[in-house]
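Labels below follow one simple rule: chain letters A, B, ... track the order of the sequence lines, proteins then strands, and each chain is numbered from 1. None of these values were measured; they are calculated from a predicted model. All heavy atoms count here, side chains included; hydrogens, waters and symmetry mates do not.
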2 protein chains.
Amino acid sequence: MDSTLVSQVRQFNRTVTERVGALNERFLGRDRPLGQARLLWEIGKEGRDVRRLRSQLGLDSGYVSRLLRSLQAEGLVTVEPQQDDKRVRNVRLTPAGRAERTLLDRSADDLAASLLQPLTDAQRTRLVTAMGDVERLLTAAIVTITPADPEHPDARHCMQQYAAELDRRFEHGFDTAQSNVARPGELRPPAGLLLVARLHSQPVGCGALKFKPDAPTQIKRMWVDESARGLGVGRRLLYELERHAAVHGTRVLHLETNRSLTAAISMYRSAGYTEVEAFNDEPYAHHWFEKHITPTPHEGL
Amino acid sequence: MDSTLVSQVRQFNRTVTERVGALNERFLGRDRPLGQARLLWEIGKEGRDVRRLRSQLGLDSGYVSRLLRSLQAEGLVTVEPQQDDKRVRNVRLTPAGRAERTLLDRSADDLAASLLQPLTDAQRTRLVTAMGDVERLLTAAIVTITPADPEHPDARHCMQQYAAELDRRFEHGFDTAQSNVARPGELRPPAGLLLVARLHSQPVGCGALKFKPDAPTQIKRMWVDESARGLGVGRRLLYELERHAAVHGTRVLHLETNRSLTAAISMYRSAGYTEVEAFNDEPYAHHWFEKHITPTPHEGL
DNA sequence: TCCATTCTCTGACTTTAGTCAGAGAATGGA
DNA sequence: TCCATTCTCTGACTAAAGTCAGAGAATGGA
């Protein structure tokens with residue numbers, strides 16, 4: 001890895017955590033421990049169940065329990081069992097809790113404003129733009145891409161979303177029954193491979209390979225969730241699929257797509273796929289692409 | 001303040017501190033409290049005196065003392081009185097301490113690399129560029145600009161640096177004696193005003209006004225330290241001077257400058273100053289500028 | 001109807017990160 | 001020479017942020 005990049009990232013980490021961290025304490029931690037404040041914030045106006053609070057903040061169950069009790073003692077929250085599963089408990093803000101949360105909200109606004117205040121308009125715009133870029137790319141960096149079984153709940157979620165989106169976007173909708181859609185077994189080794197992209201362990205994208213003896217490997221089910229677009233997830237999925245295909249000995253990749261998926265088409269083009277004659281009779285396809293790759297069997301094993 | 005900007009800054013603070021903070025702990029805080037690690041890092045290869053450590057990390061003297069003793073107990077540092085002032089104590093790393101610091105260094109590199117690793121080359125470059133922007137602008141945001149007495153050590157430092165820089169940059173050097181340089185009294189209210197820009201309480205720039213009865217107010221001693229260029233400090237100094245001048249009732253501002261100071265000249269132009277005939281006989285000047293402003297007496301009082 | 005599992009809570013801890021009020025030594029200037 | 005100041009250290013605290021090992025209630029499937 002380029003050491004200049006690494007040292008610039010380190011410099012950034014130092015400066016930003018120091019600067020923003022210091023402000024965080026000065027503004028938010030004024031009369032309330034940061035832990036309590038974070039919890040109060042995360043409960044939200046609608047309330048939340050304890051389990052979700054815990055996983056979102058990454059805290060010990062005992063610790064959260066204690067924090068909740070201290071908030072309860074101050075009359076800021078109420079805790080009661082969920083209707084349908086009485087093991088789970090729901091936390092809600094009382095009116096006093098909502099008022100306190102609004103105060104925190106104001107403090108966070110003040111903090112942000114204090115960072116912007118000394119800057120000129122032009123500088124403010126540049127700062128916010130750069131912050132957006134950093135955020136987006138840091139988010140992209142924590143997206144993981146791993147093989148998954150087609151029957152795994154995350155995989156099924158992706159497939160459903162995939163079909164639902166095609167149905168929305170195709171001129172005449174999309175019906176799984178009419179398409180040459182792959183059955184789960186075909187996307188499971190050794191017949192194929194399914195990759196799932198996850199962000200904060202939520203599935204946000206997928207892509208699959210279907211290996212064919214003595215024929216090009218097919219790319220299937222490329223999908224990226226609305227919320228994760230613009231992070232380069234599609235490109236990474238494609239790249240990972242190509243890598244796996246190469247290990248499997250693939251020389252040629254095939255994929256077909258619908259003309260309504262313009263962003264995908266231009267991504268395929270820019271990733272080196274060239275349009276070819278129709279190589280199958282998929283009813284929903286308008287474009288057929290192929291790419292030649294270099295097999296690298298057993299690499300990294 | 002534009003609430004879109006504010007909420008974007010908040011979003012950034014949340015995402016980035018969470019993400020970088022989590023990594024910080026996972027990589028750096030593995031087998032050593034973060035406080036110790038920071039101290040170990042800050043001591044540096046050359047050693048440092050305790051006073052400076054304290055001020056750089058912003059910690060209580062008793063706390064630093066205790067941290068140092070725990071590092072000493074592990075054989076990582078030695079502490080001994082300074083030669084010339086035995087109240088001050090110097091801290092140095094032992095070979096074991098240096099080894100430990102190298103380990104920390106490696107961890108910090110790994111952390112940074114782990115952020116970059118999942119990204120494509122293009123994304124890495126964009127991330128690092130955006131990080132640089134954010135850092136620079138956050139640094140700019142904590143520069144303070146306040147009036148100072150011309151005899152204050154920080155003010156004197158600025159004046160000396162100002163003269164030294166002119167001497168370096170002018171073709172034939174710069175001699176205070178030959179210039180119509182203002183004496184301290186002239187830059188002190190009510191005759192004038194001196195502003196000092198500071199970063200982390202170190203002086204990094206200055207600018208002054210000289211009020212003249214029934215004549216344009218003069219801008220003098222505009223200087224920004226090498227280390228703080230590109231942060232918009234000059235522009236902010238100029239803006240603040242104009243604001244003070246307006247409050248004082250000024251209608252026209254005058255300033256003269258040397259042709260070697262090209263960056264300053266273009267800043268004056270872009271800030272609305274127009275070149276005019278020479279209005280004085282300053283021997284080092286090649287360009288004379290003026291700007292009309294609207295007086296705002298007693299504003300904000 | 002069991003029984004393993006899930007979810008939350010409690011009690012008993014620990015570690016980290018400080019703060020505060022001096023004490024004691026050294027220094028610098030009047 | 002004195003005295004205020006500076007610098008570091010020590011003792012005596014505190015608060016925050018967790019960790020860990022259960023206990024007890026509820027649930028869901030065999």
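Position along DNA chain D of the nearest nucleotide to A:R38 versus A:D85 favours A:R38 as the more 5'-ward residue. Comparing B:V79 and A:G35 against DNA chain D, the residue whose closest nucleotide sits nearer the 5' end is B:V79.
A straight line from CZ of A:R66 to P of C:dT14 spans 14 Å, rounded to a whole angstrom. Between the C1' atom of C:dC9 and the CG atom of A:L67 lies a distance of 13 Å, rounded to the nearest Å. Rounded to an integer number of Å, the gap from A:R51 CZ to C:dT8 C1' is 11 Å. Taking atom CG on A:L59 and atom P on D:dG18, their separation rounds to 6 Å, with Å as the unit. When rounded to the nearest whole Å, the span between CZ of A:R54 and P of C:dC7 equals 7 Å. In this entry the distance linking CG of B:L34 with P of D:dG18 reads 12 Å, nearest Å. In this structure, B:K86 atom NZ and D:dT5 atom C1' are separated by 18 Å, rounded to whole Å. If you measure from atom CG of A:L68 to atom P of D:dA17, you get 14 Å, rounded to the nearest angstrom.
Put simply, CG on A:L53 and CG on A:L59 are 9.0 Å apart, with the number rounded to the nearest 0.5 Å.
Across all strands shown, the partner of C:dA21 is D:dT10, judged by Watson-Crick or G-U wobble contacts whose two distances both fall under 3.5 Å. Nucleotide C:dT16 forms a pair with D:dA15, judged by Watson-Crick or G-U wobble geometry with both contacts under 3.5 Å. Pairing partner, C:dA26: D:dT5, with both Watson-Crick or wobble hydrogen-bond distances short of 3.5 Å.
Residue B:S61 places no side-chain atom within donor-acceptor reach of the base of D:dC7, judged by atom type and a 3.5 Å distance cut-off alone. For B:R87 against D:dT6, a side-chain N or O and a base N or O form a donor-acceptor pair under 3.5 Å.
Within 6.0 Å of CZ on A:R92 lie no more than 12 heavy atoms contributed by other residues, nucleotides or ligands. Other residues, nucleotides and ligands contribute more than 12 heavy atoms inside 6.0 Å of the CZ atom of B:R101.
Remark: B:R89 is not in phosphate contact with D:dC7, judged by side-chain N or O atoms under 4.0 Å from OP1 or OP2.
Side-chain atoms of A:S65 lie closest to C:dT10 of the nucleotides D:dC7, C:dC7, C:dT10.
A:D60 comes within 4.0 angstrom of a nucleotide base, judged by non-hydrogen atoms across all strands. Note on B:G62: a base of the nucleic acid sits closer than 4.0 angstrom, heavy atoms only. As judged by a 4.0 angstrom heavy-atom cut-off over every strand, A:D84 is placed among residues touching the sugar-phosphate backbone only.
With respect to the salt-bridge test (charged N to carboxylate O, under 4.0 angstrom), the residues B:R10 and A:D105 qualify. Under a 4.0 Å N-O distance rule, the pair B:D109/B:R106 does not qualify as a salt bridge.
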